[in-house]
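Notes follow once the structure below has been shown.
Note that this is a predicted model, so its numbers are computed, not measured.
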Amino acid sequence: GTWEFMSTLLVNGHHMANTIQDDMESFVLVILYHALRYFRHNQKERTRFIIDEVFNKHLVLPNGRHEGGQGRRSLFLNMEYIGQDFEMDCKPLNDWIRAAIMAVKEWIKSEMEDIPTLPAVPDRLAAIIKIPPPPLEASNAERYLLTHTFLDNIFTTCLDSSDWLPDKPVDAIEELEREEKERKKLGHALPDAYNRHASKNNKSSGNAGRSSKLNAVVPLELPLPLHVGALE
């Protein structure tokens, strides 16, 4: 598969054969990538840093094997990089991403820690996605990602919302690059958000030597997503 969108469990070597759940997480990652890059959100200054840490960063071992994926695992389990306060201007998409991240988190934790119980959907999300939360003590058969039903329900609910913004998608990375060029023209060039966050991350890790070997893949040049109006 494409490294940038492979599931957390696959890139961490949890299993080898691709599963339905791996495909569903990959779908969530594709949506999240486009949301970060082409829709307005409160982490714009960190966009390049987030994309590199979550989607791109990995090691290529001498035998050709790719190793990494800690960034996406931290994002799903702890909302690292995007932050607990991550918020998008487009409310339906924001609600979908939060519900989807919660579902992927549950699956990752249950698979890696062999947890037989399933947490209930928070009340706020339950109201958003308009489906009743499962009981606190739930069997494996009631996991959110056991089938496509949960993602399908929240996707349908969010697409049916009337709160979609009419704005056309804007590439946040290109916008940041334009702003940096303008600052340089004005003689106020400062280290951009990516360099500030990356530098802080490397210092805090105390492992700059190893991090220099990380193979940062050039961010994918994906086409602009379809305008919401085209889906109607």
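The aromatic rings of F155 and W96 sit perpendicular to each other, their planes meeting at more than 60°, with 30° as the lower class boundary. By the 30° and 60° cut-offs, the orientation of the rings of F86 relative to H41 is tilted. Using bins of under 30°, 30° to 60° and over 60° for the plane-to-plane angle, the ring pair Y33/F55 lands in the perpendicular bin.
V28 has its side chain within reach of L151: a pair of non-hydrogen atoms, C-beta onward, lies under 4.5 Å apart. With a 4.5 Å cut-off on side-chain heavy atoms, T147 and D152 do not count as touching. Proximity of F39 to V170: side-chain heavy atoms (C-beta onward) are nowhere separated by under 4.5 Å. The shortest side-chain heavy-atom distance between M102 and F76 does not fall under the 4.5 Å cut-off. Side-chain contact between V54 and L36 is absent, with no heavy-atom pair separated by less than 4.5 Å. No side-chain heavy atom of E180 sits less than 4.5 Å from a side-chain heavy atom of K185.
Under the 3.5 Å distance criterion, the side-chain polar atoms of S110 are matched with a main-chain donor or acceptor of W107. Judged by distance alone, with hydrogens and angles left aside, the side-chain atoms of Q21 form a donor-acceptor pair with the main-chain N or O of L145 at under 3.5 Å. With hydrogens and angles disregarded, a donor-acceptor distance shorter than 3.5 Å links the side chain of N42 to the backbone of D85. Looking only at distances, no side-chain donor or acceptor of T2 sits under 3.5 Å from a matching main-chain atom of F5.
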Between L93 and W164, does the side chain to side chain contact (heavy atoms under 4.5 Å, CB included) criterion hold? Intermediate values first, please. CA-CA 8 Å; L93 185 56; W164 287 91; 4.1 Å; yes
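With respect to R48 and D52, no salt bridge is recorded, no charged nitrogen being found less than 4.0 Å from a carboxylate O.
The side-chain contact (heavy atoms from CB on, under 4.5 Å) with L176 is formed by just one residue from the set R46, K181, E45; it is E45.
In the model, D22 has a side-chain atom that pairs as donor or acceptor with a side-chain atom of T19 under 3.5 Å. A donor-acceptor contact closer than 3.5 angstrom is absent between the side chains of R73 and Q70. Judged by distance alone, the side chains of T8 and E25 do bring a donor and an acceptor atom under 3.5 Å apart.
Taking both residues in full, the closest heavy atoms of C158 and P92 are given as SG-O, 3.2 Å, listed atom of the first, atom of the second, then distance.
Taking the salt bridge (charged side-chain N to carboxylate O under 4.0 Å, His left out) definition, one finds that E175 meets it with R40, K44, sequence neighbours left out. Among residues two or more places apart in sequence or in another chain, the side-chain hydrogen bond (donor to acceptor under 3.5 Å, both in side chains) test is passed with H14 by none.
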